[in-house]
S.K.: 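What follows is a structure written as C-alpha cells; I'll ask about it next.
FYI, the numbering just counts along the sequence from 1.
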Amino acid sequence: MRYCRITGTCGFGSWRWGALGTIWRVCLSSRWTARLIPFANSQEEISAMGFLSQQELEDLNFRSLGKSVLVSTKASVYNPELIEIGDHSRIDDFCVISGRVRLGRNVHIAVFCNVCGGEEGVFLDDFSGLAYGCHVFSQSDDYSGQTMTNPTVPDRYKKEAKKPVVIKRHAIVGACSVILPGVVLEEGVSVGAMSMVSKKTDAWSIYFGVPAKKIKSRSRELLKLEKDYLNSGV
C-alpha cells in the first residue's frame, strides 16, 4: 500500500458565516483577542490556504490527474495509485482520502471530510461536492453482533458490507452527513446537513434526516449556469 501523509496545524477557533456567504474563521491570538480571517472564498485566499505544487501532485503518482487540481498540504491521501482526480477539482484541509476513489471535474471535498473508497470504490461525478465533515463509506462492519468488528481483527472473524458508492452530477451533501455503502445519489440530489443516507435516491430531489427521507423536488435551474460555464472555456 502506498501512503502519503502531509500534516499541519489547526488554529484554535470556530467557523462562522460572514456577509454574502463568505466563510470566516474566528481565531484567537496569543493575547486572546478575536480576529477575523476570510477563508477560501476567492483565488487569492485559495492561494493562501496551502496546496501541493504541481510537481508534488505528480510525484504522488495518482492513477489519473487532471488540470488545475488543488490538494491541501494538510490532507492525507492513501493509495494514490487507485485515485483519479478530474480537472478543477479540490480537496481541502484535514481530509482523508483512501482506497479506490474517482473524482470528476469541478468536484469539491471540503474540510474534515473522510472518503473511504476501499475495494469497491467511491465515485463523485462532475460538479458534485461534500460539505464540511462528511463521511462516505464503501464498506462497513456488521453491527448486529453476529461477527467481530474493527480492522485489528482477522477477516475470517468479520463480515463486512462492501458496495460501491456513486454520487452523480450536481449532487451535493450537506455538512456532517454520512453516506453508507451501496448508496447512489442520483443526479442533482441535495442532502441536508447532518443526514444519514442508506438507501437509493430519486434524481433532482432534496433529502434530509436520519435516515434521510425525501423532502421535496430540487430546481434544475443550475443546468443553465453549467452550460454557460462550460461554454466560457474555463
Side-chain angles (χ1 to χ4, degrees), residues 15 17 21 23 39-41 46 69-72 74-78 83-118 120-140 161-223 225-226 229:
W15 297 100
W17 286 101
I23 300 174
F39 186 78
N41 204 50
I46 286 173
V69 168
L70 295 174
V71 176
S72 169
K74 301 181 184 70
S76 295
V77 179
Y78 297 75
I83 297 173
E84 304 172 61
I85 306 179
D87 298 346
H88 309 292
S89 288
R90 176 177 139 192
I91 300 171
D92 285 351
D93 294 351
F94 313 114
C95 291
V96 178
I97 314 296
S98 63
R100 186 182 176 196
V101 175
R102 184 182 69 217
L103 310 183
R105 67 165 294 164
N106 291 91
V107 172
H108 179 221
I109 300 179
V111 173
F112 288 114
C113 283
N114 181 25
V115 180
C116 300
E120 298 297 323
V122 172
F123 309 100
L124 288 92
D125 292 345
D126 299 349
F127 303 106
S128 61
L130 305 177
Y132 296 80
C134 289
H135 300 271
V136 184
F137 302 100
S138 68
Q139 56 192 69
S140 175
K162 297 181 179 181
K163 297 180 181 179
V165 173
V166 180
I167 299 175
K168 295 190 177 181
R169 290 169 55 87
H170 293 296
I172 184 168
V173 182
C176 300
S177 293
V178 176
I179 311 297
L180 296 180
V183 165
V184 177
L185 296 185
E186 295 290 349
E187 180 175 288
V189 164
S190 173
V191 177
M194 301 181 71
S195 296
M196 182 183 73
V197 187
S198 60
K199 297 181 179 180
K200 65 180 182 179
T201 59
D202 298 329
W204 296 100
S205 299
I206 297 174
Y207 287 79
F208 176 72
V210 180
K213 296 181 180 180
K214 183 175 178 178
I215 304 300
K216 61 180 181 179
S217 296
R218 187 185 183 202
S219 172
R220 304 186 187 212
E221 284 296 306
L222 64 83
L223 293 176
L225 298 174
E226 177 198 354
Y229 169 65

S.K.: Between Ser98 and Cys116, is any pair of side-chain heavy atoms under 4.5 Å apart?
M.R.: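 Of all side-chain heavy-atom pairs linking Cys116 with Ser98, at least one is under 4.5 Å.
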
S.K.: Looking at side-chain heavy atoms only, is the closest gap between Val69 and Leu103 below 4.5 Å?
M.R.: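 A side-chain contact is absent here, since even the closest heavy-atom pair is not under 4.5 Å.
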
S.K.: Tell me the closest heavy-atom pair linking Arg218 and Ile206, and the distance in Å.
M.R.: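 Here Arg218 and Ile206 meet closest at CB-CG1, 3.8 Å.
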
S.K.: I would like to know whether Glu226 and Asn106 meet side chain to side chain contact (heavy atoms under 4.5 Å, CB included); could you show each step before the answer?
M.R.: CA-CA 11 Å; Glu226 177 198 354; Asn106 291 91; over 6 Å; no

S.K.: Among Val136, Val115, Asn114, which residue meets the side-chain contact (heavy atoms from CB on, under 4.5 Å) test with Ile109?
M.R.: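 Filter result, single survivor: Val115.
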
S.K.: Where does the angle between the aromatic ring planes of Phe127 and His170 fall among parallel (under 30°), tilted (30 to 60°) and perpendicular (over 60°)?
M.R.: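 Ring orientation of Phe127 relative to His170: parallel.
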
S.K.: Could you check whether any side-chain heavy atom of Ile83 comes within less than 4.5 Å of a side-chain heavy atom of Tyr78, counting everything from C-beta outward?
M.R.: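 No, every pair of side-chain atoms sits at 4.5 Å or beyond.
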
S.K.: One pair to check against salt bridge (Lys or Arg N to Asp or Glu O under 4.0 Å): Lys168 and Asp125. What are the steps and the verdict?
M.R.: CA-CA 5 Å; Lys168 295 190 177 181; Asp125 292 345; over 6 Å; no

S.K.: Check whether any side-chain heavy atom of Lys200 lies under 4.5 Å from a side-chain heavy atom of Val184, and answer yes or no.
M.R.: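 Heavy-atom side-chain distance check fails, nothing below 4.5 Å.
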
S.K.: How long is the straight-line distance from CG of Asp93 back to OG of Ser76, given to the nearest 0.5 Å?
M.R.: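 If we round to the nearest 0.5 Å, Ser76:OG and Asp93:CG are 11.0 Å apart.
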
S.K.: Is it true that a side-chain atom of Ser177 and a backbone atom of Gly192 form a donor plus acceptor pair closer than 3.5 Å?
M.R.: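 At least one qualifying donor-acceptor pair exists.
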
S.K.: Could you tell me the separation between the CD1 atom of Ile167 and the CG atom of Leu185, rounded to the nearest 0.5 Å?
M.R.: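 One gets 5.0 Å once the value is rounded to the nearest 0.5 Å.
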
S.K.: For Ser138 versus Val122, what's the shortest heavy-atom pair and its separation?
M.R.: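 So the two residues come closest at CB-CG2, 4.2 Å.
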
S.K.: So, Ser89 side chain and Gly104 main chain: donor-acceptor pair closer than 3.5 Å or not?
M.R.: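 At least one qualifying donor-acceptor pair exists.
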
S.K.: Identify the two heavy atoms, one from Cys176 and one from Cys134, that lie closest to each other, and give their separation to 0.1 Å.
M.R.: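 Where Cys176 meets Cys134 most closely, the heavy atoms are N-SG, 4.0 Å.
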
S.K.: Looking at every non-hydrogen atom in both residues, tell me the closest pair between Cys95 and Ala110 and how far apart they are.
M.R.: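 Closest approach of Cys95 to Ala110: SG-O, 2.9 Å.
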
S.K.: First locate atom CG of Leu223, then atom CZ of Arg169, and finally report the distance between them rounded to the nearest 0.5 Å.
M.R.: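 Those atoms lie 7.5 Å apart.
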
S.K.: Where the side chain of Ser128 meets the backbone of Val107, is there a donor-acceptor pair that is under 3.5 Å apart?
M.R.: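 No: the side chain of Ser128 does not pair with the backbone of Val107.
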
S.K.: Are the side chain of Ser198 and the backbone of Val183 linked by a donor-acceptor contact shorter than 3.5 Å?
M.R.: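 No; zero donor-acceptor contacts below 3.5 Å.
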
S.K.: Any chance you could lay out the side chain to side chain contact (heavy atoms under 4.5 Å, CB included) test for Thr201 and Tyr207, step after step, and finish with the verdict?
M.R.: CA-CA 8 Å; Thr201 59; Tyr207 287 79; 3.7 Å; yes

S.K.: When you look at Leu130 and Ile179, which way does the side chain to side chain contact (heavy atoms under 4.5 Å, CB included) test go after all the steps?
M.R.: CA-CA 10 Å; Leu130 305 177; Ile179 311 297; 5.6 Å; no

S.K.: Output yes when a side-chain donor or acceptor of Arg220 lies under 3.5 Å from a complementary backbone atom of Trp204, and no otherwise.
M.R.: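 Not a single qualifying donor-acceptor pair exists.
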
S.K.: Just by distance, do the side chain of Asp126 and the backbone of Arg105 share a donor-acceptor pair under 3.5 Å?
M.R.: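 Looks like yes, one N/O pair under 3.5 Å.
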
S.K.: Does Phe94 have its ring centroid less than 6.0 Å away from the ring centroid of Phe112?
M.R.: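 Ring centres of Phe112 and Phe94 closer than 6.0 Å.
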
S.K.: Does atom NZ of Lys213 have more than 12 heavy-atom neighbours from other groups under 6.0 Å away?
M.R.: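 Not more than 12 within 6.0 Å, no.
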
S.K.: Working to the nearest 0.5 Å, report the span between CG of Leu124 and CD1 of Ile85.
M.R.: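 Those atoms lie 11.0 Å apart.
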
S.K.: Compare every heavy atom of Gln139 with every heavy atom of Lys162, then report the nearest pair and how far apart it is.
M.R.: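 So the minimum-distance heavy-atom pair works out to CG-CB, 3.7 Å.
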
